[in-house]
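Throughout, numbering of the chain's residues begins at 1 and tracks the sequence. Computed from a predicted structure; not experimentally measured.
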Amino acid sequence: MDEGREKVVETVLAGNYVEMEVEGKPKNVKSTISNFFWHGGSAYDAWFSCSSNQVAQVLLTLPYSFSQLGMLSGILFQIFYGLMGSWTAYLISILYVEYRTRKEREKADFRNHVIQWFEVLDGLLGKHWRNVGLGFNCTFLLFGSVIQLIACASNIYYINDNLDKRTWTYIFGACCATTVFIPSFHNYRIWSFLGLIMTTYTAWYLTIASLLHGQVEGVKHTGPAKMVLYFTGATNILYTFGGHAVTVEIMHAMWKPQKFKSIYFWATAYVLTLTLPSAAAVYWAFGDSLLNHSNAFALLPRSPWRNMAVILMLIHQFITFGFACTPLYFVWEKAIGMHECKSMCKRAAARLPVVVPIWFLAIIFPFFGPINSTVGSLLVSFTVYIIPALAHMFTFRSAAARENAVEPPPKFFGRWVGTYTINVFVVVWVFIVGFGFGGWASMTNFIHQIDTFGLFTKCYQCPPQLPPPPPLLNATTPIASPTNHLQLLGSVFHKP
């Protein structure tokens with residue numbers, strides 16, 4: 001009984017360092033306002049972070065996925081992968097609390113150290129798991145940042161097409177590099193809140209604008225037409241609900257991380273209220289036209305409402321770029337020994353090299369839409385589905401580990417037997433359907449984009465440029481007189 005009470009006390013204290021640091025310090029108006037906007041660590045902050053991070057530019061590609069899958073499959077896959085993503089996020093939270101509690105029993109101090117997923121794997125399962133987790137996680141976050149940068153260029157083009165998408169990528173790459181000055185996920189409080197408002201507006205704009213526009217003339221809904229397109233669309237949805245590669249960093253930013261267990265589920269539930277109506281409405285209105293337009297903005301008529309949605313999505317993609325890149329900053333800081341440096345300017349300067357390869361890859365592969373599916377099948381499938389499920393099973397494979405678990409599975413999931421059954425299903429399904437069929441389909445589609453548009457393409461899926469119209473006559477344009485025409489004809493017919 002005493003052992004159980006001790007376990008509960010240690011779990012409750014996990015992640016409470018911020019409150020310990022703040023306690024006893026005098027608070028003035030400036031610090032109160034700063035904390036309100038800048039320094040978040042509550043369960044509500046975590047919910048806003050998860051909801052905001054989960055749906056960003058992918059909101060604009062889901063109608064494209066519906067055109068590949070068909071309406072029914074699109075809806076079912078969203079619900080199915082939403083539940084599966086919530087389950088593996090729950091597993092990650094359990095493993096984090098287990099790792100942190102064990103470390104704090106050994107008197108470890110995390111006040112100046114951000115725990116990351118690869119460190120959880122290292123502490124629970126050893127260096128081989130750490131290396132695999134680090135490789136997949138960093139590669140996924142790298143390409144996740146690349147996708148946000150590509151999306152920025154793709155979206156702004158629909159407001160201002162005077163510059164091509166590649167040039168816009170250069171510009172937004174420089175803008176997104178400013179995220180090096182954001183210290184950690186504690187400091188995303190106001191950004192997460194605003195980001196969710198922005199995606200909510202965009203989702204309902206897509207829904208209402210499509211319904212008011214009505215179906216285009218001769219609209220067809222032939223999906224699913226090809227196996228390649230079907231699994232490409234499915235893996236894009238797998239990618240959509242696999243945004244919890246930053247779960248550990250968000251949990252570490254919480255004052256009480258053990259409250260995270262159900263947060264991702266409620267974030268997913270809200271996200272579904274945005275993604276299902278918007279994707280279904282746009283697909284209903286435009287049908288198979290979406291197969292050649294991976295960005296939903298491309299088919300909606302230009303209006304102030306659309307321009308507002310584009311601008312809000314641009315701001316949100318900047319926020320999501322920071323979400324994806326911040327864990328990479330942490331990894332890089334730890335690699336070069338700058339992670340515990342107190343100077344934010346020095347840390348920001350040290351972080352800049354991380355942005356350069358992201359910038360470069362966004363210019364090489366500007367395939368907005370198809371790149372989501374490729375990243376989903378090859379990286380997301382392992383990073384946030386297969387590895388967490390396997391790690392949970394191996395961590396608690398012994399009877400002693402299960403008996404001393406900080407957070408044993410609830411009765412609702414069937415305790416340990418039910419949990420292991422669900423984990424095996426996740427591993428088998430994602431490996432065969434997500435990585436196997438999805439990898440084949442998404443790579444086939446990705447290679448087709450390279451063959452069609454080429455690497456370093458200047459303006460992916462841009463409409464062809466029309467030739468300039470001939471110049472109009474004006475008062476200064478010389479006009480030949482009738483006398484000159486008669487003289488010309490005379491010279492032609494005159495024979496010497």
Side-chain angles (χ1 to χ4, degrees), residues 38 49 52-61 137-160 163-199 202 239 243 245-246 249-250 295 297 309-333 344-345 347-369 371-372 375 379 456 458-460:
W38 183 248
S49 294
S52 178
N53 181 53
Q54 190 175 120
V55 57
Q57 49 73 36
V58 77
L59 186 70
L60 306 175
T61 64
N137 207 47
C138 287
T139 309
F140 167 47
L141 291 171
L142 179 76
F143 277 95
S145 304
V146 169
I147 289 170
Q148 300 306 321
L149 199 51
I150 294 170
C152 287
S154 178
N155 289 343
I156 192 63
Y157 184 79
Y158 296 112
I159 289 182
N160 186 341
L163 299 176
D164 58 75
K165 292 181 181 180
R166 186 200 297 167
T167 305
W168 281 119
T169 303
Y170 293 140
I171 295 170
F172 278 99
C175 294
C176 289
T178 57
T179 57
V180 298
F181 291 100
I182 301 177
S184 73
F185 283 95
H186 278 300
N187 311 111
Y188 275 95
R189 164 173 275 186
I190 188 65
W191 295 114
S192 299
F193 176 74
L194 293 175
L196 193 58
I197 292 176
M198 293 168 188
T199 50
T202 303
Y239 168 82
V246 297
E249 288 82 2
I250 293 174
N295 191 326
F297 282 144
V310 171
I311 292 169
L312 292 179
M313 284 304 293
L314 287 172
I315 300 171
H316 184 261
Q317 280 148 9
F318 167 81
I319 298 169
T320 310
F321 181 94
F323 267 113
C325 226
T326 299
L328 293 176
Y329 296 153
F330 293 156
V331 172
W332 179 248
E333 287 172 356
M344 194 58 233
C345 290
R347 288 176 65 191
R351 290 173 170 187
L352 278 174
V354 177
V355 182
V356 176
I358 295 171
W359 211 346
F360 187 62
L361 289 169
I363 295 167
I364 298 177
F365 305 114
F367 310 126
F368 183 67
I371 194 172
N372 295 23
V375 171
L379 298 173
F456 296 98
K458 195 172 184 180
C459 208
Y460 177 65

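For the atom pair W191 CH2 and T320 OG1, the distance stands at 12.0 Å (nearest 0.5 Å). Atom-to-atom distance recorded for H316:NE2 and C152:SG is 11.0 Å, nearest 0.5 angstrom. Annotation: the span from Y329 atom OH to F181 atom CZ amounts to 10.0 Å, rounded to 0.5 Å. Note: I156 CD1 to I311 CD1 = 7.0 Å, rounded to the nearest 0.5 Å. For the atom pair CD1 (I147) and CD1 (I371), the distance works out to 5.0 Å, reported to the nearest 0.5 Å. Between L194 atom CG and I315 atom CD1 the span is 8.5 Å, to the nearest 0.5 Å.
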Legend entry - Audit row: I171, L163, side chain to side chain contact (heavy atoms under 4.5 Å, CB included) steps and yes/no: CA-CA 11 Å; I171 295 170; L163 299 176; 4.0 Å; yes
Inset, instruction - Evaluate the criterion side chain to side chain contact (heavy atoms under 4.5 Å, CB included) for residue pair I197 and F193; output intermediate values, then yes/no. - result: CA-CA 7 Å; I197 292 176; F193 176 74; 3.5 Å; yes
Inset, instruction - Let me see the working for F318 and L314 under side chain to side chain contact (heavy atoms under 4.5 Å, CB included), right down to the final yes or no. - result: CA-CA 6 Å; F318 167 81; L314 287 172; over 6 Å; no
Inset, instruction - May I have the step-by-step check of side chain to side chain contact (heavy atoms under 4.5 Å, CB included) for V146 and F365, ending in yes or no? - result: CA-CA 9 Å; V146 169; F365 305 114; 5.9 Å; no
Donor-acceptor pairs under 3.5 angstrom involving side-chain atoms of residues 349-361: please list them, not counting sequence neighbours.
| residue | atom | partner | partner atom | Å |
| --- | --- | --- | --- | --- |
| R351 | NE | E333 | OE2 | 2.6 |
| R351 | NH1 | V180 | O | 2.9 |
| R351 | NH1 | I182 | O | 2.8 |
| R351 | NH2 | P183 | O | 3.0 |
| R351 | NH2 | E333 | OE2 | 3.1 |
| W359 | NE1 | T169 | O | 3.3 |
| W359 | NE1 | Y170 | O | 3.4 |

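Taking each heavy atom of K165 and S154 in turn, the nearest pair found is NZ-OG, 4.0 Å. Residues T202 and L60 come closest through the heavy atom pair CG2-CD2, 4.2 Å. S52 approaches F323 most closely through the heavy-atom pair OG-CE1, 4.5 Å. Scanning all heavy atoms of the two residues, the minimum distance from A324 to S145 falls at CB-OG, 3.4 Å. In terms of heavy-atom proximity, N155 sits nearest to M313 at ND2-CB, 4.0 Å. Closest approach of I250 to S49, counting heavy atoms only: CD1-CB, 4.0 Å.
Looking only at side-chain heavy atoms (C-beta outward), F330 and T326 come within less than 4.5 Å of each other. Between C138 and L328, some side-chain heavy-atom pair lies under the 4.5 Å cut-off. Between Y157 and N295 there is no side-chain heavy-atom pair separated by less than 4.5 Å.
Taking the side chain to side chain donor-acceptor pair (under 3.5 Å) definition, one finds that Q148 meets it with nothing, sequence neighbours left out.
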